[in-house]
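Residue numbers begin at 1 in each chain, while the letters A, B, ... track the order of the sequences. Keep in mind that what you see is a predicted model, and the values were worked out from it rather than measured.
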Amino acid sequence: MEINEIVFESLEGCNEAFEVMT
Amino acid sequence: MPERKDFHTFSKDGQAYLFLTQPVSIFKIDDDTARVVRAVELGEPLNGNFERQRWQEAHTFMQRYCGGMPQAKVLRGPEDIDERVAGIYLFTSQKCNLRCAYCYGDEGEYGQRGVMSEQVLNDTFDRLFNDGWDRYFITFFGGEPLMNLPIMDKTAQLAEEYRKERKADISLGIVTNGTMYSRKIKNFFRKHISDATFSLDGPKELNDSQRLSKSGLSVYDRAVKNIRKLTEDASFNWAFRTIVTNRGCEQVEEIYDHLGGFGAGGIGVVNVDVPKDNPLFLDDAQYRRFIEQIVAVNRKGLRSFIEGGQAVAFEYPFYILFYFISRSRALYHCNAGTNLLAVTAEGDVYPCHRFVGAEEFCMGNVSDPGLRQSKRYRALRQRFIDSTVDNRPGCRDCWARYLCGGSCAKYSHAEHGDIDPPVARHCQYIKTIIEELLPEIVGIIERPEEKQVLMRRLGAAVSNRWGSKGMNTDYVS
């Protein structure tokens with residue numbers, strides 16, 4: 001069985017801004 | 001233990017993927033595993049030892065993975081919904097100078113032609129902006145809101161007074177057809193508007209076939225001339241709102257390209273909301289074509305974003321990236337009925353602009369000092385609070401629920417007579433967007449150079465936008 005996760009890096013310190021922007 | 005609603009397999013360009021609903025994760029998987037997991041997802045029986053053993057392995061993996069990860073952050077849950085009415089659509093005018101072929105507001109009158117009075121405006125402020133110093137939004141709406149400029153002036157004056165007295169920090173926006181212009185209007189935009197949305201449906205021939213003026217003159221010519229004048233050196237954010245009917249359903253890319261030339265901050269394109277027997281309705285084949293083109297335009301936008309060009313449409317890759325990068329989940333489609341309301345020219349209050357005129361959703365009138373404590377207001381508000389994707393039949397068992405938040409309550413009500421069950425076309429739209437664009441994003445994440453560019457440009461875009469908005473911590477108590 002092959003299962004490979006695609007890892008998304010965090011936008012350090014920007015999550016709140018990202019949320020507001022979207 | 002992961003339930004069937006908590007995972008989803010799909011394939012794109014010969015590669016199989018496994019999506020885990022909670023905590024918002026995506027995996028590349030081999031075809032055999034995908035086939036077995038897909039069978040379980042669809043409730044089909046497994047055949048033979050190989051399939052049963054493979055499912056056991058996959059199930060154990062999902063159980064361990066989900067058990068070892070923190071839950072995705074809820075963006076806004078029932079316990080986060082405070083009493084504050086953060087945004088209202090203010091129907092300054094229920095009159096319009098256009099008669100668009102698809103208007104859901106009956107030529108903007110909603111069955112009650114008129115304009116808002118100063119008394120209704122004062123009552124609106126008294127009833128809805130008394131929850132303490134915080135940020136609020138008013139969107140001038142109609143009809144054509146500019147047909148009642150005096151009440152817009154009065155609104156701006158009241159907003160200024162509230163700001164000075166630190167009662168409320170109110171931002172003003174507008175949705176307009178762009179066909180009205182004067183020096184006075186231009187000055188109003190300059191001084192008071194922070195966000196403007198102009199309705200325009202694309203190139204002249206297409207626009208003027210469905211957005212019709214009562215005078216017979218070209219709506220496109222007037223709107224474009226005025227929009228250019230209103231937005232030159234604009235200090236406000238502005239965007240287009242564009243409706244695609246069966247007349248334009250093969251021209252979506254052309255519509256984006258045409259409107260992209262005006263320098264708008266965004267282009268909001270949606271399919272027309274009319275009954276099936278309306279001559280503008282998109283049939284199933286046309287609707288599929290519409291979605292295909294939305295995907296194509298966003299795919300192109302994603303490539304432009306990576307390659308340093310100007311992306312005309314990038315909203316869906318951005319939206320998907322947000323959920324995966326921040327590991328967030330949405331429980332609601334929007335804030336309607338709770339932190340967002342609509343106030344008509346007569347002062348009637350509705351969950352949002354789309355419910356105006358639907359009497360069973362009238363929450364009361366701003367002339368009533370006890371409006372927000374009334375039994376009717378409380379019951380309708382609670383009805384919307386309860387309508388999370390975890391509660392909505394049809395949503396609660398869907399793998400895409402947390403990337404979606406459910407379909408618009410008004411659309412659901414129009415289709416099912418109930419705000420909860422999802423609209424089939426909305427589900428088709430969201431699932432197609434995810435299954436088509438997520439693999440594109442995965443491809444970029446897997447190419448180190450492109451990933452670096454993506455994260456750098458994303459960080460810059462977020463920082464620039466945040467900086468331009470101003471990070472205001474003034475409201476923190």
Side-chain angles (χ1 to χ4, degrees), chain A, chain B residues 16-20 24-34 36-37 53-58 60-62 65 69 73 75-76 315 318-328 330 438-439 441-446 451-452 454-456 458-467 469 471:
Chain A
M1 182 174 78
E2 286 179 45
I3 297 188
N4 298 309
E5 183 177 8
I6 310 301
V7 179
F8 286 77
E9 278 177 19
S10 166
L11 273 176
E12 286 305 326
C14 287
N15 278 356
E16 190 188 352
F18 206 172
E19 180 180 341
V20 169
M21 199 172 160
T22 52
Chain B
Y17 296 89
L18 170 67
F19 169 69
L20 294 183
V24 189
S25 300
I26 185 80
F27 304 82
K28 278 185 164 180
I29 59 172
D30 65 87
D31 289 345
D32 283 338
T33 305
V36 169
V37 173
Q53 191 177 341
R54 183 54 61 94
W55 166 244
Q56 199 51 54
E57 286 177 55
T60 300
F61 169 80
M62 289 192 274
Y65 180 87
M69 291 288 287
K73 186 188 100 171
L75 288 172
R76 175 177 175 267
E315 57 186 323
F318 207 93
Y319 159 82
I320 292 169
L321 280 161
F322 166 69
Y323 281 105
F324 279 85
I325 287 174
S326 65
R327 286 202 196 268
S328 299
L438 183 52
I441 293 168
V442 165
I444 289 168
I445 296 290
E446 288 191 312
K451 178 182 176 181
Q452 201 176 10
L454 174 72
M455 298 309 286
R456 192 177 66 235
L458 215 47
V462 170
S463 301
N464 289 344
R465 182 71 173 265
W466 192 244
K469 290 264 183 198
M471 186 171 174

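If you measure heavy-atom distances from B:Ile26 to chain A, the contacts under 4.5 Å come from both the backbone and the side chain. Heavy-atom distances place both the backbone and the side chain of B:Ala58 under 4.5 Å from chain A.
The side chain to side chain contact (heavy atoms under 4.5 Å, CB included) test applied to B:Asp30 returns A:Met1, A:Glu2, B:Asp32, B:Thr33, B:Arg54, not counting sequence neighbours. B:Ser328 meets the side chain to side chain contact (heavy atoms under 4.5 Å, CB included) test with B:Lys73, B:Leu75, B:Phe322, B:Tyr323, B:Ser326; sequence neighbours excluded.
Of all non-hydrogen atoms in B:Met455 and A:Ser10, the two that sit nearest each other are CE-O, 4.2 Å.
Within a 6.0 Å sphere centred on CD of B:Gln452, heavy atoms belonging to other residues, nucleotides or ligands number 12 at most. Within a 6.0 Å sphere centred on CD of B:Glu446, heavy atoms belonging to other residues, nucleotides or ligands number more than 12.
Comparing B:Val36, B:Leu458, B:Leu20 by how many heavy-atom pairs each has under 4.5 Å with chain A, the most go to B:Leu458.
In this structure, B:Lys28 NZ and A:Ile6 CD1 are separated by 5.5 Å, a value rounded to the nearest 0.5 Å.
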